[in-house]
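In this chain, residues are counted from 1 in sequence order. Values reported hereafter were calculated over all heavy atoms of this structure, with side chains retained and with hydrogens, waters and symmetry mates removed. When a ligand or atom number is given, it counts from 1 through the structure's own listing order.
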Amino acid sequence: MSEALDPSHLRVLNPATEELVATVPAATRDDVDAAVARATAAQRGWAAAAPADRARILRRFAAVVDGHIEELARLEVREAGHTLGNARWEAGNVRDLLDFAAGGVERLSGRQIPVAGGIDVTFLEPLGVIGVIAPWNFPMPIAAWGLAPALAAGNAVILKPAETTPLTALRLAELALEAGIPEHLFQVLPGHGAVTGDALVEHPGIAKIVFTGSTRVGKQIMSKCADRVKRVTLELGGKSPNIVFADADLEAAAAAAPMAYLDNTGQDCCARTRILVQRSVYDRFLDLVTPALTSVVVGDPLDEKTQMGPLISAAQLERVRAYVTDDLKAVRGTAPEGPGFWYPPTLITDVDPTAPVAAEEVFGPVAVLLPFEDEEDAVRLANATEYGLSGSLWTRDVGRALRVSRAVQAGNLSVNSHSSVRYWTPFGGYKQSGLGRELGPDALTAFTETKNVFISTEA
Ligand SMILES: NC(=O)c1ccc[n+]([C@@H]2O[C@H](COP(=O)([O-])OP(=O)(O)OC[C@H]3O[C@@H](n4cnc5c(N)ncnc54)[C@H](O)[C@@H]3O)[C@@H](O)[C@H]2O)c1
């Protein structure tokens, strides 16, 4: 069997050069069984440890990550093709999440509720062993979104990174040990989704699955989890609107619009890929956005000036190409020829909102520009999607900003900005963009089960 087809190993390619970075053994179902047994034993000791000790070790983990930001960032550039600036932010996000979760340990406590004849005491018990199944688009932060609060709440974690991006996850597991996280409490099992991922989903020893990835796989996982009433958090796809009203600061809105969907080469669940512009300013906006888009610097992710790198893989490049059919009218930037999985920044104009490129998640550097008439029409178009993850609106009218934000069915909206994710604020989707919330002050509680003990005072 050729190495490229050997399912026992994962081949990690540098998306910017197509060079082989590493081959990594893929975990089998037996490996998952063994990992769950080890994690179950490790979790007992961790759950019994004093919360202050858990917090201290997590802070040390954060400090060790902090000492390796540059190394982790450069590894992320090699396996995922992210720009160096983005990758540094991502490694820093892991550190911040660990720190934030450590603070959460100290605030995690139950309640005492006086009731007739006694008192109810509630405990927040850890769930056990958590399976985190991560995508390739933000390998480090998304792994840490599950890892940090799950460990903080007293659980063990088995992380299955995406096939294309296992290296940063494996390095994080080494750094965890260096920081004093007990052996087997945090394990990384690289592998194929249909084998390693599925084995975690089906395993009776896994208490909860935290899945981030496509809506298609998320639905399969949710239905498998239902068989055991297994807890599940789903962070899925998006097709987020960027609504520009005529009264907005058009220069600012047009300057920000390209990177609002080109960041991470459009491989971002929050990418604002449907740019909805009020018809009276549509032509003016197109004039302003065109130079902003064509001047985006695409190329070597290690060059500090680069704003957009390659797509993750040949398969992803094919997917993007298939959406942008020859009949579509588009404004295009430039991209290197190859080697590497390059696609230029692309903004499609004059397209029907129901066309596949306008309605489906492309997950590449492609957006559509669509006109709307008035506020009601903007909200209708924004909500005409099965997704509901993020969105932006640009206006100088505060009342409109609040009205439209309340009317758009999405979990994370921003006004005169494209900011989506802040680790101290809950994040998650409406509709088919997900189930449950991650991050924010309640992140730890999502990894606990509430137990109520009634103590009679009448005995
Ligand atoms: N909502 C969010 O927070 C968020 C964040 C990032 C990415 N995403 C979404 O992720 C998608 C891109 O990631 P992807 O292509 O890696 O998604 P994917 O669904 O193909 O894979 C995600 C993970 O699931 C695993 N997997 C695949 N099949 C499986 C199965 N049958 N059982 C168990 N695990 C399985 C994969 O190996 C990978 O680790 C996009 O749709 C994007 O919008 C969502």
Kindly say whether Glu361 contributes a backbone atom to a donor-acceptor pair with the side chain of Lys239 at under 3.5 angstrom? no

Considering only non-hydrogen protein atoms, determine which one is nearest to atom 1 (N) of ligand 1 and report residue, atom name and distance to 0.1 Å. Leu236 O, 2.7 Å

Thr212-ligand 1 polar pair, N/O distance under 3.5 Å: no

Enumerated ligand 1 atoms positioned under 4.0 Å from heavy atoms of Gln220: 31 (N)

In terms of residue, atom name and distance, what is the protein heavy atom nearest to atom 34 (N) of ligand 1? Gly193 O, 3.5 Å

Any carboxylate oxygen within less than 4.0 angstrom of a Lys/Arg side-chain nitrogen, looking at Arg59 and Glu106? yes

Tell me whether atom 3 (O) of ligand 1 lies less than 4.0 Å from at least one protein heavy-atom position. yes

Within reach of ligand 1, part of Thr215 (heavy-atom separation under 4.0 Å): neither

What atoms of ligand 1 come closer than 4.0 angstrom to any heavy atom of Ile142? 5 (C), 6 (C)

Sub-3.5 Å donor-acceptor pair from the side chain of Asn242 to the main-chain atoms of Gly391, do we have one? no

Starting from atom 17 (O) of ligand 1, find the nearest protein heavy-atom neighbour and note its residue, name and distance. Ser214 N, 3.3 Å

Taking N or O atoms only and a 3.5 Å limit, does Glu163 qualify as a polar contact for ligand 1? yes

How close does the nearest protein non-hydrogen atom get to atom 5 (C) of ligand 1, and which residue and atom is it? Cys269 SG, 2.8 Å

Looking at atom 13 (O) of ligand 1, what's its closest protein heavy atom, distance included? Pro135 CB, 3.4 Å

Is it true that Ser414 and Arg272 share a donor-acceptor pair across their side chains at a distance under 3.5 Å? yes

Please work out whether the ring planes of His418 and Trp394 are parallel, tilted or perpendicular, with thresholds of 30° and 60°. tilted

Report, in ascending order of atom number, the atoms of ligand 1 lying under 4.0 Å from any heavy atom of Asn137. 6 (C), 7 (C)

Looking only at protein heavy atoms, identify the closest one to atom 25 (C) of ligand 1 and say how far it is in Å. Ile133 CG2, 3.6 Å

Report yes if Lys160 has an N/O atom closer than 3.5 Å to an N/O atom of ligand 1; otherwise report no. yes

Evaluate side chain to side chain donor-acceptor pair (under 3.5 Å) for Asp30 paired with Thr28, printing each intermediate quantity in order. CA-CA 5 Å; Asp30 287 346; Thr28 63; 5.1 Å; no

Can you find an N/O atom of His192 closer than 3.5 Å to an N/O atom of ligand 1? no

Asp263 vs Asn86, test: side chain to side chain donor-acceptor pair (under 3.5 Å). Steps then yes/no. CA-CA 9 Å; Asp263 203 33; Asn86 279 9; 3.1 Å; yes

Within the side chain of Thr346, is there an N or O that forms a donor-acceptor pair under 3.5 Å with the backbone of Pro344? yes

With heavy atoms and a 4.0 Å threshold, my read on which part of Glu361 contacts ligand 1 is side chain

Evaluate Trp136 for polar contact with ligand 1, using N/O atom pairs at a separation under 3.5 Å. yes

From the list Trp89, Phe100, Trp145, ring-ring contact (aromatic ring centres under 6.0 Å, His included) partner of Tyr423 resolves to Phe100

Salt bridge or not for Arg88 and Glu70, using N-O below 4.0 Å? yes

Over all atoms of both residues, closest heavy-atom pair of Pro258 and Val296: CB-CG2, 4.2 Å

Determine the sole option in Gln220, His203, Arg29 for which the side-chain hydrogen bond (donor to acceptor under 3.5 Å, both in side chains) test with Asp198 is passed. Arg29

Should Phe363 be listed as contacting ligand 1, given a heavy-atom distance under 4.0 Å as the test? yes

Checking the N or O distance criterion of under 3.5 Å, is ligand 1 in contact with Ala134? yes

At the 4.0 Å heavy-atom cut-off, does Gly429 count as touching ligand 1? no

Which word best sums up how the rings of Phe61 and Phe186 line up, parallel for under 30°, tilted for 30 to 60°, or perpendicular for over 60°? tilted

Note: ligand 1 atoms sitting under 4.0 Å from heavy atoms of Phe427 are 3 (O)

Ligand 1 to Pro161, heavy atom cutoff 4.0 Å, flagged ligand atoms 39 (O)

Minimal heavy-atom distance between Thr83 and Gly309, with the atoms involved, is CG2-N, 4.1 Å

Which ligand 1 atoms are under 4.0 Å away from a heavy-atom of Asp198? 32 (N), 33 (C)

Measure the distance from atom 28 (N) of ligand 1 to every protein heavy atom, then report the residue, atom name and distance (to 0.1 Å) of the closest one. Val217 CG1, 3.6 Å

Check this for me - ligand 1, Gly213, N or O atoms closer than 3.5 angstrom, yes or no? yes

